[in-house]
Undergrad: 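First the structure, which I've put down as structure tokens, then a few questions once you've had a look.
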Amino acid sequence: MPHGREIFKVDDADLGQLHARRWQWLEQAIGPAVALPTEYPDGYHVPQHRHSRSQLLHALVGVVLVTTRHGRWMVPPDHAMWIRAGIEHSVEMLGDVSMRSVYVMPGAIAGLPDGLRVVGITDLMHSLIVESEKLPQGAELEGRGGLIMNLLLHEIPNLPERPLGLPFPSDRRLAALCRRFVAAPSPHATIDEWAGIVGMSRRSFTRAFHRQTGLSLSTWRQQACLFAALPRLADGEPITRVALDLGYDSVPAFITMFKRMLGASPRGYMRGARDVGEGMRRISA
């Protein structure tokens with residue numbers, strides 16, 4: 001069975017044909033899980049598509065933006081996104097991206113996530129993904145290979161969820177406000193301001209927004225600011241410039257929000273992501 005790295009290279013003349021071949025190959029592959037690596041250039045966009053397997057999309061290096069009709073999800077280094085089988089989605093590369101994807105048959109094991117979510121990649125899962133991409137792909141595996149893929153599958157339900165999803169409301173008026181905010185994020189947007197724009201009472205607005213997104217406006221706003229900040233921080237922009245451009249009154253206020261959402265300061269978070277990426281590249285070499 002051919003190896004994913006040998007088949008799927010982004011330096012092919014026609015990347016559209018590359019993906020068409022990949023999806024066709026995936027539909028024919030057997031086995032509960034298939035691991036495939038791909039290297040993407042900055043700005044490359046994979047158009048809307050779906051597949052019969054669920055996808056654990058891991059950003060080894062670079063930042064990935066996944067868009068569905070349900071919202072947007074940011075996948076920075078050291079993270080992955082779980083995309084359930086059958087969900088239409090597009091993928092945009094923010095910087096050069098080294099992607100490692102694991103495609104999982106529905107019902108391969110009990111407890112697989114049911115929805116769309118961004119998860120943290122543990123050290124164990126890092127190692128399993130690195131080893132899995134070295135195995136023959138698209139066939140039932142036995143012995144060591146079978147044990148690696150089986151453990152990888154069992155680790156997916158244990159990956160910690162991260163607040164990097166940005167669901168959009170179904171109400172067109174609320175969705176328009178959200179899209180406007182994403183284009184120019186600010187920490188100062190208020191419930192009363194947004195409720196007034198769409199002609200709703202504060203109580204009706206908060207209920208509708210939470211019902212349609214699963215988040216309060218405050219939490220949604222903070223996650224939108226993270227969406228704007230992460231690609232810029234990954235590109236090496238100074239924290240002070242990013243914080244002030246996003247409308248924060250002070251850098252400490254931005255750092256406090258960042259630590260509350262992701263558990264580390266911006267500098268520590270990005271340093272850790274870079275260290276993981278460098279280590280994974282050495283292991284994969």
Undergrad: If we ignore hydrogens and angles and just use 3.5 Å, is the side chain of Arg50 paired with the main-chain N or O of Ile87 as donor and acceptor?
TA: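 No, because the side chain of Arg50 does not come within donor-acceptor range (under 3.5 Å) of the backbone of Ile87.
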Undergrad: Is the backbone N or O of His49 less than 3.5 Å from a side-chain atom of His51, with the two atoms forming a donor-acceptor pair by type?
TA: no
Undergrad: For the hydrophobic clusters of this structure (ILVMFWY residues joined by side-chain heavy atoms under 4.5 Å, transitively), does one cluster hold both Phe181 and Leu215?
TA: yes
Undergrad: When you compare the side chain of Tyr103 with that of Pro32, does any pair of heavy atoms fall below 4.5 Å?
TA: no
Undergrad: Does the pair Arg100 and Glu133 meet the rule for a salt bridge (Lys or Arg N to Asp or Glu O under 4.0 Å), with working shown?
TA: CA-CA 8 Å; Arg100 303 294 183 266; Glu133 71 175 78; 2.9 Å; yes
Undergrad: Counting only heavy atoms not in Arg144, do more than 12 sit closer than 6.0 Å to its CZ atom?
TA: no
Undergrad: Check for a donor-acceptor pair, side chain of His188 on one end and backbone N or O of Gly247 on the other, with a separation under 3.5 Å.
TA: yes
Undergrad: Do you see a donor-acceptor pair shorter than 3.5 Å between the side chains of His58 and Asp78?
TA: no
Undergrad: Quick one: does Gln55's side chain have a donor or acceptor within less than 3.5 Å of a partner on Val104's backbone?
TA: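 No: the side chain of Gln55 does not pair with the backbone of Val104.
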Undergrad: Give a yes or no answer on whether the side chain of Trp82 reaches the backbone of Pro113 with a donor-acceptor pair at less than 3.5 Å.
TA: yes
Undergrad: Check for a donor-acceptor pair, side chain of Arg173 on one end and backbone N or O of Val198 on the other, with a separation under 3.5 Å.
TA: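 Pair found, side chain donor or acceptor close to backbone of Val198.
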Undergrad: Check whether any side-chain N or O of Asp96 sits under 3.5 Å from a backbone N or O of Asp42 as a donor-acceptor pair, and report yes or no.
TA: yes
Undergrad: Parallel, tilted or perpendicular for Phe254 and Phe258, by the 30°/60° rule?
TA: tilted
Undergrad: Would the distance check show the side chain of Ser132 and the main-chain N or O of Leu128 forming a donor-acceptor pair, the cut-off being under 3.5 Å?
TA: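 Between the backbone of Leu128 and the side chain of Ser132 there is a qualifying donor-acceptor contact (under 3.5 Å).
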Undergrad: Has Ser204 got a side-chain atom pairing as donor or acceptor with Ser201's backbone, closer than 3.5 angstrom?
TA: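 Not a single qualifying donor-acceptor pair exists.
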Undergrad: Does the Arg221 side chain pair with the main chain of Ala189, one donor and one acceptor, at a distance under 3.5 Å?
TA: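 Checking the backbone N and O of Ala189 against the side chain of Arg221, a donor-acceptor pair under 3.5 Å is found.
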Undergrad: Looking only at side chains, do Glu27 and Ser52 share a donor and an acceptor under 3.5 Å apart?
TA: yes
Undergrad: Can you tell if the side chain of Leu36 reaches within under 4.5 Å of the side chain of Leu26, non-hydrogen atoms only?
TA: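 A side-chain contact under 4.5 Å exists here.
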Undergrad: Do the side chains of Leu226 and Ile239 join up, straight or via other hydrophobic residues, at under 4.5 Å, putting them in one cluster?
TA: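 Leu226 clusters together with Ile239.
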